[in-house]
Protein chains: 2
Amino acid sequence: MGLTKTEIFTEEQNRLATMLKALAHPARIAILQQIIKANACICGQLVDELGLAQATISQHLKELKNAGIIQGTIEGVTVCYCIEPKAWKLLQKDLSIFFKSFDVKNCC
Amino acid sequence: MGLTKTEIFTEEQNRLATMLKALAHPARIAILQQIIKANACICGQLVDELGLAQATISQHLKELKNAGIIQGTIEGVTVCYCIEPKAWKLLQKDLSIFFKSFDVKNCC
DNA sequence: TAAATCAATCGTAAAATTGCAATATTGTAA
DNA sequence: TTACAATATTGCAATTTTACGATTGATTTA
C-alpha cells in the first residue's frame, strides 16, 4: 500500500514520526551537519560538498524546510539556509523525553 | 530511483540515518512506547492494542529488530519483545551529540 | 536588453515502504 | 499423532521515496 494509517495513531506519535522521517536520510543528516558547521548558513555549496545533483539537494532542502527544521532566506541570486532554532529545540526535547522514558530493567 | 547513495556518505551519517529510519513510523513509535510502558515486554497484544493486522505488526517488529533496537525472546508459543538497552543508549547518545552540535546563533 | 548564475520545479524511472490476506512455521496440549 | 494457538513469511498492490536531466524563474551584471 505504501500508505501510512495516520488515523489510528496519536498526534504525538505522528508528529514525532514525521520529524524523524525528515532526518532519516544520510544526505539530510549531511546537509544539517554542513549548515551547523558553517553556522553562517550555506546554500548551493552543498551541491559541491556532497556528491549529489543540484535537483536532488534542492529536494532534500525542501523536505527539511517542510518539516520546519531549516529555513531559507533569499539573498540575491543565492538562498541561505539555516537551522530553525525553535523546531530544533522542540525536536531535541521531544526525543530526549522519548528516550528517557525507557530506563533499563532486564526483562527477557 | 529510490536508491540511497550510501557510498558518498560517512559511516556515521549512514548509521544515524538508518536508526532514525527505523523509528520514523508512527506504528513503530507506538510499539516502542507500548514495550516501554509494559516494561515486562509484550508480544501479540500489540496486535490488539494498535489497529493493525498481525502481519503488519510482525513486519514492524522485524524492522525494529533488524535495527537492533529491540530483541525478541521465544517463550513457548509467544514471543516477548523488549528494548535492547545497549542500542537504545547508543542512539540516545548519538542523537544527543547531534542535537547539541547546534547552538543557537542567528544567521539569516 | 541580453547573458549569466543560482535555485526551484517538472517529469520520469527505479526502488523502497506500507499494509494485508493467505500460508507456513513453531510449539503446546489433547 | 492431531488439533490448535501465536508468529513469521510470502506475495501482491498502492504509494512514496530517491535521484537526476531538463526546464523554468528570479536576480544580478555587462
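Just so you know, these numbers come straight off a predicted model, no measurement behind them. Here is how names work: the chains are called A, B, and so on, in the same order as the sequence lines, proteins then strands, and each is numbered from 1.
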Checklist entry - Does A:Ile8 share a hydrophobic cluster with A:Leu16, counting links as ILVMFWY side-chain heavy atoms below 4.5 Å and allowing steps through other members? => result yes
Checklist entry - Looking at the side chain of B:Thr78, which of D:dT9, D:dG21, D:dA6 is the nearest nucleotide? => result D:dA6
Next on the checklist: Regarding D:dC20, can its base be found pairing with the side chain of A:Gln59 as donor and acceptor, where the two atoms are less than 3.5 Å apart?
Outcome noted: yes
Checklist entry - Starting at CG of B:Leu23 and ending at P of C:dT17, how long is that distance when rounded to a whole Å? => result 14 Å
Next on the checklist: Below the 4.0 Å mark, does C:dT17 have OP1 or OP2 next to a side-chain nitrogen or oxygen of B:His60?
Outcome noted: no
Checklist entry - Would A:Gln45 and A:Gln34 count as having a side-chain donor-acceptor pair, cut-off 3.5 Å? => result no
Next on the checklist: In whole Å, I'd like the distance from the CD1 atom of A:Ile57 to the P atom of C:dC6.
Outcome noted: 15 Å
Next on the checklist: It should be established whether A:Ser58 places a side-chain nitrogen or oxygen under 4.0 Å from OP1 or OP2 of nucleotide C:dA8.
Outcome noted: yes
Checklist entry - Using the ring of each side chain (for Trp, its six-membered ring), is B:Phe9 parallel, tilted or perpendicular to A:His25, with breaks at 30° and 60°? => result perpendicular
Checklist outcome for this item: Ranking A:Lys5 and B:Thr4 by the position along DNA chain C of their nearest nucleotide, the one closer to 5' is B:Thr4
Checklist entry - Are A:Tyr81 and C:dC6 close enough that a side-chain N or O sits under 4.0 Å from OP1 or OP2? => result no
Checklist entry - Once the angle between the rings of A:Trp88 and B:Phe102 is folded into 0 to 90°, is it parallel (under 30°), tilted (30 to 60°) or perpendicular (over 60°)? => result perpendicular
Next on the checklist: Counting only side-chain heavy atoms from C-beta out, which of D:dC20, C:dA8, D:dT7 sits nearest to A:Leu52?
Outcome noted: D:dC20
Checklist entry - If you find the nucleotide of DNA chain C closest to A:Lys62 and the one closest to B:Gln54, which residue's nucleotide is nearer the 5' end? => result A:Lys62
Checklist outcome for this item: Comparing B:Ala55 with B:Lys21, nearest DNA chain D nucleotide closer to 5' gives the residue B:Ala55
Checklist entry - At under 4.0 Å between heavy atoms, what does A:Glu63 touch on the DNA or RNA strands: base, sugar-phosphate, or nothing? => result sugar-phosphate
